[in-house]
Each structure stands twice: as structure tokens, then as C-alpha cells.
There are 2 protein chains.
Amino acid sequence: MVNTKSHEYEQPGVTVDLVLFTIHEGKPMVLLTHRARDPFAGRWSIPGDFLRKGESLDEAAWRVVQETTGVQDLYLEQLYTFGDPGRNSPARVITVTYLALTPWKPFAQPPSGTTAALTWYPIDEIPELAFDHHEILTYAVNRLRAKAGYSNIVYGLLPETFRLSDLQKMYEIILNKTIDKRNFRKRMLETGLLQETGVKDRTGAHRPAMLYRFKQREVVYFD
Amino acid sequence: MVNTKSHEYEQPGVTVDLVLFTIHEGKPMVLLTHRARDPFAGRWSIPGDFLRKGESLDEAAWRVVQETTGVQDLYLEQLYTFGDPGRNSPARVITVTYLALTPWKPFAQPPSGTTAALTWYPIDEIPELAFDHHEILTYAVNRLRAKAGYSNIVYGLLPETFRLSDLQKMYEIILNKTIDKRNFRKRMLETGLLQETGVKDRTGAHRPAMLYRFKQREVVYFD
DNA sequence: CCAAAAGTGTTATTGATACACCCATGC
DNA sequence: GCATGGGTGTATCAATAACACTTTTGG
């Protein structure tokens, strides 16, 4: 079973790519970078980089986050590994993908007429992407939707404190359905994952809302 | 962001490793191979091999199955990718792991006193393993347990036709709890995933049992 | 005082669970 | 005829879903 003819084996490059979601103005958005160089110069792609020496996969994913966004508070989990030959040109590359969530933060918007190197795109208005990044993105969206249904994963999309209506809105956007307010609040508070901050949000011409936080910023599964 | 100093990048080996489960005599078992060579000569490990040229990850996983077991009918899904530096000695290796399920089949048992190259081990009697295979195995068991709870994944552990009591037994073993017979049958038949074969099993000194099959041998999620 | 979002309980429906006896066969 | 697993229905309980009005604020 051991074959020493090295030409039969791949010595592929290994990259770590990042599907970073946020929600802004009621829409799920994904972070894309504009490629200056070949392959696929001029196309958009999800951020990524080659794995470095001595670096774990998680560390590489974290580094990609830092290099592209500088965002500190985010949720990060390994998603899937793509390695079909022919998914890239021309070299064989294995790509370990990560799913990440962050509260909305703007990135420098380019002057109109020019192109930003880094932008949020609404997930239903994605341009042509490099490599097989469209497939990766589809996979990530499905995972996010599924996991939102049975976990508190959306905490990654919210700032540290938030109104219950903010939380509800996140679920409604991701699951793409409306939710009854009273039932939602009841269930959420019953999970015991939330904590009143004592502080009230007093923006807007209406009754102030209590701000809550998640007791623990880590994934917990319901059911 | 692009750095051309190649020494900063890994050119790691990529392996595809397989956690193959079955159930036998009421116990979940995992397939292990005995390592003849270093590293970890003399230890047991889960089967795997280096990725070959032109081969997709799924194809490599399938090849590993064929080379080690020859089993044709099995369930196979990508599990997780392990790539910490230091998980192997001495070279850096990225391992894409797969979870697989198969109906019980015996493999040649060695004459007592000698060691088989390939054996089923009950998952609660696992010996010291090579590399980080213990971690991989733990991860796989958790995934199997979780997924059994909300999918028909156990079809991979059963032959094409089976009695409802066989199916129930699978769930009981994996979920490690007893299930009410009438409720189980009701729920299972209500899913619409099962189909009577019309054939009855007439082994044993008792009333013959109807044999069923899954209409489709692919994963379907309940709820 | 008007608009806008916050906050709050009860009822109806649905799904999940608990539970016990007769049936068909081989030996 | 006895031991073994196959096969079946109902009643209770728990969880989910439906539903509308009052409160507090800013302008």
C-alpha cells in the first residue's frame, strides 16, 4: 500500500479561505476582496491565504481575518474542505474554508467610479467569483441557516449588548420568516442564555428597550 | 499581502483518513489498521492514505475504503480537517477525515496470538492510537451520535432490508437509550422513508417480521 | 396628541410520551 | 404448550402556535 514513487502523490498548496457574514440594513452580506492579480485578476473572491509554516488551520483563519478586516470579535468555525482537482488554475490547491460571523462594521467605501479592494456584498447580489468560491459561498449560507435554527450562533452577528427586537430581527433575516414577538421573547428568555444589562436603549421616539447580552459568547445548542 | 518567499509557506502532505463505523453484537465498532512501519510502528490507527494526483478528496476517501475493506455499500461524508503542526511526526501533514458507515462485515480474524492487520474495535475499548487519531475518533463519534438524532443516517449501518426491530436497535445503541416500540414504529413509518418489501424474515422461534427498506439510500433530515 | 417600538398572558392545537396485551412461529 | 420476538391503540402531558392591547418615549 505504501508507494514511494513520489509523482503519484500530490504536494498541493493548502489555503485557508474565509466566508465572513454580517447583517446590514436587513440583508445578509458577505465579505469579498477584489483580486488584483492572476489567477482571476479582476474578479471578486472570498478572502484567503496560503497556510504558513508552524501555523494551525484555526490560526491561519484568524490571521486572514486580521489581515483583511482587523475585526477582533467574531465567531469562527471550520466549514468544509474543498480539494477537487481543476477547481483552481493551474496548480492543485486544497482549501480549508471557515465560516465567520461579525457584527456589522463598515469598510472603507471607494469613491464612486473606482473599485474597493474589500467590500460587503448582499448574498443575493453576488457577482461572478474566482475559483469555486460560489460553491463555497452556497455551502456556507446553508450551514448558517441550518445552524441558526438550533443554536445561538447569531450572537456572532450582534454587538455585545442588543435589544430583543434586534435579536429577533437577526433570526427573521437568516431564517427568512416572521416570528411572533411574544413567543420569541418567551423562548429566548427561557433558554437562560441571556442576561439583562440593566441599561436601556433610548434611541428613537418610542419607549426605551432593555439591552441584553449573551451570558457566554460561545455556541450553545437548543433542543 | 502576497509574499513570494516560499519558505514561509507550508507544502504539506495531504492525507485522507477514514473513520469507518459498524455495529456488531450490540456495540458500535470502528475499523483500525495495525501499523507495520514508522511513524508509530506497532500502534493502531484509522485507515488513510496520501492524496494522489488528479484525485478529489471524496475519490481518495473512496479509494481508501476499497483498498482496506473492499466494502461497496457504505455511507461516506467529510468530517473535519485536522492540520495542527505537531500532530504528526515529523513532517507537516494536513488530514481530511471522513465518516463512514457500513453494515457489519467480518474481516479475517487472525489466529490467536498473532495480530491482524485490520480489525473492528468496540469504541469503548480503543487501544492507544497513532498520531492524533484518538481526537479524530472522538470527533467522529460525537458527529455520529448527533446526526443519528435528526436524520436517517443509520441506514448506512443496516443491510438493504431489515426488520423494524433492527432499526430500533441501531438507534438504541447509537443514542444509548431505550426507545418505546410502538412510538418508534409510528414515527418511523410516518416519515414515509420506509417501504415494505412484502418479504418476511422467518428466522427464530417466533412470529416472522416484515422486512423494510429505505426508499432512498441517502441522508434525509427529520424535524 | 401622534407615531413608533416595547412589553406582556391566555387559549387552542399539536406533537411527544407512557403504557399492556394478543399473535405467529419453532422447538 | 411454552418461549420468543412481532405487532397494535389510546389517553395524558408537554411544547408550540395563535392572538391584541397597553406603555413609554420623542417630536
Side-chain angles (χ1 to χ4, degrees), chain A residues 23 25-26 146 148-152 158-159 161-214 220-223, chain B residues 23-26 104 146 148-152 158-159 161-214 220-223:
Chain A
I23 289 188
E25 292 174 347
Y150 58 90
S151 79
N152 67 341
L158 288 165
T161 68
F162 49 84
R163 301 168 294 175
L164 286 181
S165 61
D166 295 328
L167 183 58
Q168 180 175 344
K169 210 174 300 165
M170 291 294 150
Y171 277 98
E172 289 182 331
I173 292 165
I174 294 172
L175 303 178
N176 196 29
K177 63 174 186 182
T178 60
I179 302 173
D180 179 85
K181 181 163 60 155
R182 279 172 291 189
N183 293 336
F184 178 79
R185 290 169 163 255
K186 204 188 316 164
R187 261 189 301 118
M188 272 300 150
L189 295 173
E190 270 171 5
T191 64
L193 300 174
L194 294 174
Q195 186 171 55
E196 282 195 8
T197 61
V199 181
K200 298 212 170 183
D201 171 276
R202 14 188 59 268
T203 60
H206 53 79
R207 179 172 173 178
M210 176 59 70
L211 292 174
Y212 289 81
R213 78 171 92 247
F214 279 101
V220 180
Y221 299 97
F222 309 153
D223 297 359
Chain B
I23 290 189
H24 184 55
E25 292 174 349
W104 160 254
Y150 59 87
S151 79
N152 67 340
L158 288 165
T161 69
F162 48 84
R163 301 168 296 172
L164 287 181
S165 61
D166 295 328
L167 184 58
Q168 180 176 344
K169 211 174 299 165
M170 291 293 149
Y171 276 98
E172 290 183 330
I173 292 165
I174 294 172
L175 303 178
N176 197 29
K177 63 174 185 182
T178 60
I179 302 173
D180 179 85
K181 181 164 61 157
R182 277 172 292 191
N183 294 336
F184 177 80
R185 291 169 162 254
K186 203 188 318 165
R187 261 188 301 117
M188 272 301 151
L189 294 173
E190 271 171 3
T191 64
L193 300 174
L194 294 175
Q195 187 172 55
E196 281 194 9
T197 61
V199 181
K200 297 211 171 184
D201 171 274
R202 13 188 61 267
T203 60
H206 53 78
R207 178 173 173 177
M210 176 59 69
L211 292 174
Y212 289 81
R213 78 172 90 244
F214 278 101
V220 179
Y221 298 97
F222 309 153
D223 299 357

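Numbers restart at 1 for each chain; the letters A, B, ... are given by sequence-line order, proteins then strands.
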Practice prompt. Quick one: pull up CG in B:Leu164 and CG in B:Asp201 and give me the separation to the nearest 0.5 Å.
Written response: 11.5 Å

Show me the protein contacts with nucleotides 23-27 of chain C, counting only N or O atoms at under 3.5 Å.
unit_1: C:dC23; atom_1: O4'; unit_2: B:Arg207; atom_2: NH1; d: 3.3
unit_1: C:dA24; atom_1: N3; unit_2: B:Arg207; atom_2: N; d: 3.0
unit_1: C:dT25; atom_1: O2; unit_2: B:Ala205; atom_2: O; d: 3.1
unit_1: C:dT25; atom_1: O2; unit_2: B:His206; atom_2: N; d: 3.1

Worksheet item: Closest approach of B:Ile174 and B:Ala148, non-hydrogen atoms and distance?
Response: CG2-CB, 3.7 Å

Practice prompt. State whether A:Ser165 places a side-chain N or O below 4.0 Å from either non-bridging phosphate oxygen (OP1 or OP2) of C:dA6.
Written response: yes

Item to complete: Specify whether B:Tyr221 and B:Tyr150 have parallel, tilted or perpendicular ring planes, treating 30° as the upper limit for parallel and 60° as the lower limit for perpendicular.
Response: parallel

Worksheet item: In Å and rounded to the nearest 0.5 Å, what is the CG to OH distance from A:Asn152 to A:Tyr171?
Response: 6.0 Å

Worksheet item: Parallel, tilted or perpendicular: which fits the ring planes of B:Phe162 and B:Phe214, with parallel below 30° and perpendicular above 60°?
Response: tilted

Fill in: N/O donor-acceptor pair under 3.5 Å between B:Gln168 side chain and B:Ile179 backbone
yes

Practice prompt. Any chance you could list the contact pattern along nucleotides 8-14 of chain D? Use B for base contacts, S for sugar-phosphate-only contacts and - for none, protein heavy atoms under 4.0 Å, 5' to 3'.
Written response: BBB----

Worksheet entry | Close approaches to DNA chain D from residues 190-201 of chain A, in residue order (heavy atom, under 4.0 Å) | none

Worksheet item: Could you give the CG-to-C1' distance, from B:Asp166 to D:dG5, as a whole number of Å?
Response: 11 Å

Worksheet entry | d(CZ, A:Phe184; C1', C:dG7) in whole Å | 14 Å

Practice prompt. Would you please test B:Leu211 and B:Lys200 for side-chain contact (heavy atoms from CB on, under 4.5 Å) and show each step?
Written response: CA-CA 5 Å; B:Leu211 292 174; B:Lys200 297 211 171 184; over 6 Å; no

Worksheet entry | Flag side-chain contact, heavy atom, 4.5 Å: A:Tyr212 against A:Leu158 | no

Practice prompt. List the atom of B:Met210, the atom of B:Val199, and the distance in Å for their closest heavy-atom pair.
Written response: SD-O, 3.5 Å

Practice prompt. Would you mind reading off the distance between A:Ile179 atom CD1 and C:dA6 atom C1', rounded to a whole angstrom?
Written response: 17 Å

Fill in: Side chain to side chain, B:Leu167 and B:Leu194, heavy atoms closer than 4.5 Å
yes

Worksheet item: Looking only at heavy atoms, what is the nearest atom pair of A:Arg202 and A:Pro208, with distance?
Response: NH2-CG, 3.7 Å

Item to complete: Can you tell me the distance, in whole Å, between the CG atom of A:Leu164 and the C1' atom of C:dG7?
Response: 10 Å

